[in-house]
Amino acid sequence: MATTACSQQQHQRCVSIDNINPAIKTMEYAVRGPLVARAAVIEKELEEGASKPFKEVIRANIGDCHAMGQPPITFIRQVLGLVSYPPLFDDPNIPADAKQRARGILAGCKGGSVGSYSDSAGIEVIRRHVAEYIQRRDGGIEADWQNVILSAGASGGIKVLMALLRCPIDGKKPGVLIPIPQYPLYSATIAEFDMEQIGYYLDESNKWGLDIGELERSLVEGRKVAAPRILVVINPGNPTGQVLSRDNIEQIIKFAHRERLVLFADEVYQDNVYESGSKFHSFKKVMMEMGEPYNKMELCSFMSCSKGYMGECGIRGGYAEIVNLCPDVRAMLLKCISAQLCPTTAGQAVLDCVVNPPQPGEPSYEQFTREKQNVLDSLRDRAELVANTFNSIEGFSCNPVQGAMYAFPQIRLPPKALEAAKKDGKPADTFYAFRLLEETGICIVPGSGFGQRPGTYHFRTTILPQTEKLKEMLGLFKTFHEKFLQKYK
């Protein structure tokens, strides 16, 4: 009937902005928002010969390692090439351990091809390797491969598990506690699923630490309008770059247990720890070592191939480990993911390389270790460079980048700039970011896209441009800011 009506009213579409899912209209995703759209237009204009005060757009808005010049890890690409194009097994230049890994993956594929569907939860041999990796990482604490779900990046696992808990309780929407500032995947998914976002502020004055008193405040407020079900913790932090101490993690676990919250531990940056004295502790390891009753808590932890030293963002590989989930609920989860058929098998192959890397004595070990360390050493140097540079600029303050791939400096804007932003109809940090893009070609994400305390202004920038490009970017940033202050002081 709708089709007939459309054919009768050729100028009236069946789908309009008024009759689509209202939750989609509410949803926003800042790291690919209006600034990024404008950056893409500027790139096209430059290609067509437009005159600008810069020659290229520097995309510091998103954690896309390879787009910013990071070379891929040789071993990973060799295995990916082998599973995608088996005639490469005849290439004598590809080492035997890469071929052995590829044969193991193909043996787990139906028909011996990554072009076939895998099980919905992923290829069994890779899920087993993930469990072995988690067990090694956590000092021997048992990991069950059947609790491992492979996904299209960490995002795929986060979304399917959040969907599982999308159930009203006592007539209230399910609530999700997320850190503010937060990674916009969470706010976007919460809006898409028509759940309730409950923000808890990280403590900027304490290196973006997580204060339990603030968690309690946000929970009390959240319970007025929702039924809180999930506590999201991002460690190391995005966009804030903090690394939680073990003591802090224990406090968080106790809080989640007391308040009957399911822990979502977003740990995709677990390889990215830079500051001396900082160390990654997995939530699972701490929870299990705390013993009863905490080791019986429900926990969902997430890992990705997109970050770390790998940076294979576009391949879309990741996993979720589901701990202490009721067997009946796990069965419902498996049913849910079966409707999506399976995660990309290329992503699964890359994940296998991450969790089952070359071992001492194997032909690829030295090169793999060298390449991995070079990436992480360079990121450590760039993390320090970015924080030190922003702290040297008038009006900026930036916490140390302890981990992850971003800095989230605070910027103090003069009253005239705030007035100009208001006249332009933009938040002040968005106004600043647009001016920066138009005058320098640097694309960042304003803090309002991540959330921030009222009256403060921030932005997120990656530390991913290669060192010389990063120094160039920071120089342009400093010059722009000096001119901006002169104009609006």
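Excluded from the calculations below are hydrogen atoms, water molecules and symmetry mates; all remaining heavy atoms, backbone and side chain alike, are included.
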By side chain to side chain contact (heavy atoms under 4.5 Å, CB included) - contacts of Pro414 (at least two apart): Ala417, Leu485, Tyr488
No-hydrogen, no-angle side-chain donor-acceptor test under 3.5 Å, [X] and [Y]:
{"X": "Gln146", "Y": "Arg330", "result": "no"}
{"X": "Asp247", "Y": "Gln251", "result": "yes"}
{"X": "Arg316", "Y": "Ser151", "result": "no"}
{"X": "Ser282", "Y": "Glu267", "result": "no"}

Checking side-chain hydrogen bond (donor to acceptor under 3.5 Å, both in side chains) against Lys426, which of Asp424, Thr430, Asp429 comes through? Asp424
In this structure, which one of Ile149, Leu351, Ile126, Val354 forms a side chain to side chain contact (heavy atoms under 4.5 Å, CB included) with Tyr319? Leu351
Can you spot which of Leu219, Ile212, Asp211 makes a side chain to side chain contact (heavy atoms under 4.5 Å, CB included) with Leu215? Ile212
With a 4.0 Å cut-off on N to O distance, would you call [X] and [Y] a salt bridge?
{"X": "Glu250", "Y": "Arg246", "answer": "yes"}
{"X": "Arg128", "Y": "Glu124", "answer": "yes"}
{"X": "Lys307", "Y": "Asp271", "answer": "no"}
{"X": "Lys469", "Y": "Glu472", "answer": "yes"}
{"X": "Glu204", "Y": "Arg453", "answer": "no"}

Do the non-hydrogen side-chain atoms of [X] and [Y] ever get within less than 4.5 Å of each other?
{"X": "Leu261", "Y": "Phe255", "result": "yes"}
{"X": "Val36", "Y": "Arg59", "result": "yes"}
{"X": "Asn295", "Y": "Asn324", "result": "no"}
{"X": "Arg258", "Y": "Glu216", "result": "yes"}
{"X": "His66", "Y": "Glu312", "result": "yes"}
{"X": "Thr189", "Y": "Met195", "result": "no"}
{"X": "Leu436", "Y": "Phe484", "result": "no"}
{"X": "Ser306", "Y": "Val268", "result": "no"}

Is it true that a side-chain atom of [X] and a backbone atom of [Y] form a donor plus acceptor pair closer than 3.5 Å?
{"X": "Ser392", "Y": "Thr389", "answer": "yes"}
{"X": "Gln242", "Y": "Gly209", "answer": "no"}
{"X": "His458", "Y": "Gly451", "answer": "no"}
{"X": "Ser378", "Y": "Asn374", "answer": "no"}
{"X": "His281", "Y": "Leu244", "answer": "no"}
{"X": "Glu214", "Y": "Tyr201", "answer": "yes"}
{"X": "Arg127", "Y": "Leu150", "answer": "no"}
{"X": "Ser187", "Y": "Pro184", "answer": "yes"}
{"X": "Tyr406", "Y": "Val401", "answer": "no"}
{"X": "Gln70", "Y": "Tyr309", "answer": "yes"}

Drop me the distance from Gln348's CD to Ile315's CD1, to the nearest 0.5 angstrom. 12.5 Å
Side-chain donor-acceptor pairs under 3.5 Å in residues 220-234, sequence neighbours left out?
residue	atom	partner	partner atom	Å
Glu221	OE2	Lys224	NZ	3.0
Arg223	NH1	Glu259	OE1	3.1
Arg223	NH2	Glu259	OE1	3.1
Arg229	NH1	Leu165	O	3.2

Compare every heavy atom of Ser278 with every heavy atom of Val243, then report the nearest pair and how far apart it is. CB-CB, 4.2 Å
Below 6.0 angstrom between ring centroids: does that apply to Phe459 and Phe390? yes
If you draw a 6.0 Å radius around CD in Glu142, do more than 12 non-hydrogen atoms from other residues or ligands fall strictly inside? no
Using 30° and 60° as the class limits, which term best fits the ring planes of Tyr186 and Tyr183: parallel, tilted or perpendicular? perpendicular
